[in-house]
Amino acid sequence: MSFLYLWSLISGVLADPPPVVAIQPLGPVKQADVQRVQAGIEALYAVSVEVLPEKPLPKSAYYPPRDRYKADGIIEVLAAEAAPRISKVIGFTARDISTTNDEGKDWGIFGLGQLGGRACVISTFRLRAGKADAKLFQARLVKVVNHELGHTFGLDHCPTAGCFMQDAVGKIATVDGESGKPCAECAARLPLVK
């Protein structure tokens, strides 16, 4: 057995495993959408993706006046309940979600991610806007998931047009105009991008 072959075997065993990103379905979601999200993450990030068993949305995050869920509350629960071996967890739901921001107390959103944190949440509820066909919906879904996951890896919004970290400012047209990839500056700040 050659030294080089032996070294490559040892290096493979000693190498750090990629971070684990878990997709947490919250309430009923389409299996095909979950698979698309998993494939989209794996195409951009050097991570291991696993899908957790479906569980209900947290009751503590429910906002009765609008029959939707507060994204901040969902994220808090996800971050607190994720197993230690999971680096990042993505809540994935078909229900409408919102947050409080400069626009208002209950601003409907596509997704929300903790900047440099552990959790994010994405909703398919608004991604079918404009009667999006299946192909456009899937492209939007992957862009939003990778954007919110980017926040958890420490990336803030980017001013570069087309970058996957561009702020959508509540407009689906902005998501549609994004390339789905990082600009050179964001890629340099995110070593997990393939």
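Only heavy atoms go into these numbers, but all of them, side chains included; no hydrogens, no water, no symmetry mates. By convention here, the first residue in the shown sequence is residue 1.
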Restricting to ring-ring contact (aromatic ring centres under 6.0 Å, His included), what partner residues turn up for F153, sequence neighbours left out? Y45

Any side-chain to backbone donor/acceptor pair from T152 onto G116? Under 3.5 Å, distance only. no

Could you check if a side-chain atom of F92 sits within less than 4.5 angstrom of a side-chain atom of L26, using non-hydrogen atoms only? no

So which heavy atom on V20 is nearest to which on R85, and how close? CB-O, 3.8 Å

In Å, rounded to the nearest 0.5 Å, how long is the span from NE2 of H147 to CG of L112? 9.0 Å

Among I172, D96, V144, exactly one meets side-chain contact (heavy atoms from CB on, under 4.5 Å) together with R126. Which residue is that? D96

With heavy-atom distances below 4.5 Å as the criterion, would you say the side chains of T100 and D72 are in contact? no

Would one find more than 12 heavy atoms of other residues, nucleotides or ligands at under 6.0 Å from atom CD of E185? no

Where do P25 and L52 come nearest, in terms of heavy atoms and distance? CD-O, 3.2 Å

I'd like to know if I122 and V142 are part of one continuous hydrophobic network [Ile/Leu/Val/Met/Phe/Trp/Tyr, side-chain heavy atoms within less than 4.5 Å]. no

Find out whether F110 and I97 are in side-chain contact, i.e. whether some heavy atom of one side chain is under 4.5 Å from a heavy atom of the other. no

So does G40 get a backbone contact from the side chain of N146, meaning a donor-acceptor N/O pair under 3.5 Å? yes

Which is it for R189 and L155 under the side chain to side chain contact (heavy atoms under 4.5 Å, CB included) test, yes or no, and what are the steps along the way? CA-CA 8 Å; R189 292 177 49 218; L155 291 180; 3.8 Å; yes

Do L127 and V29 share a hydrophobic cluster, counting only Ile, Leu, Val, Met, Phe, Trp and Tyr and linking them when any side-chain heavy atoms are less than 4.5 Å apart? yes

Pi-cation contact, Y69 with R95 (under 6.0 Å, within 45°): no

Check whether any side-chain N or O of R140 sits under 3.5 Å from a backbone N or O of A132 as a donor-acceptor pair, and report yes or no. no

Run V37 and V34 through side chain to side chain contact (heavy atoms under 4.5 Å, CB included) and show every step you take. CA-CA 5 Å; V37 166; V34 174; 5.7 Å; no

Ignoring hydrogens and angles, tell me if any N or O in the side chain of R118 forms a donor-acceptor pair with the backbone of K88 under 3.5 Å. no

So V21 and I90, do their side chains get closer than 4.5 Å, heavy atoms only? yes

Shared ILVMFWY cluster between W107 and Y62, side chains joined below 4.5 angstrom? yes

Separation between NE2 (H151) and SG (C120), nearest 0.5 Å, reads 9.5 Å

Got a second to check how far I23's CD1 is from Q38's CD, nearest 0.5 Å? 5.5 Å

Do L57 and I74 have side-chain heavy atoms sitting under 4.5 Å apart? yes

Nearest non-hydrogen partners of T174 and A168, listed with the distance: OG1-O, 3.4 Å

Considering only heavy atoms from C-beta outward, does the side chain of Q24 approach that of E81 to under 4.5 Å? no

How close do C163 and E178 get, heavy atom to heavy atom, and via which atoms? O-CG, 3.6 Å

Taking all non-hydrogen atoms of both residues, which atom of C158 and which atom of C183 are closest, and how far apart? SG-SG, 3.7 Å

Can K70 and E76 be counted as an ion pair, charged N to O under 4.0 angstrom? no

Identify the two heavy atoms, one from A46 and one from P19, that lie closest to each other, and give their separation to 0.1 Å. O-CD, 3.8 Å

Gap between atom CD of Q31 and atom CZ of R36 - 0.5 Å precision: 14.5 Å

Donor-acceptor check, side chain of E148 to backbone of G113, threshold 3.5 angstrom: yes or no? yes

Under 3.5 Å donor-acceptor, K143 side chain and V175 backbone: yes

R68 side chain vs D106 backbone, donor-acceptor pair below 3.5 Å: yes

Is atom CZ of F125 surrounded by more than 12 heavy atoms (other residues, nucleotides or ligands) closer than 6.0 Å? no

Checking side chain to side chain contact (heavy atoms under 4.5 Å, CB included) for the pair V47/I41: CA distance, chi angles, key distance, verdict? CA-CA 8 Å; V47 297; I41 294 167; 3.8 Å; yes

Under the side-chain hydrogen bond (donor to acceptor under 3.5 Å, both in side chains) test, which residues partner Y63, sequence neighbours left out? none

Among I75, V77, I109, whose side-chain contact (heavy atoms from CB on, under 4.5 Å) with V121 holds? I75

Residue pair F164 / P182, side-chain heavy-atom distance below 4.5 Å: yes

Over 12 non-hydrogen atoms of neighbours within 6.0 angstrom of NZ in K30: no

Passes side chain to side chain contact (heavy atoms under 4.5 Å, CB included), F137 versus D33? Steps please. CA-CA 10 Å; F137 167 76; D33 291 344; 3.5 Å; yes

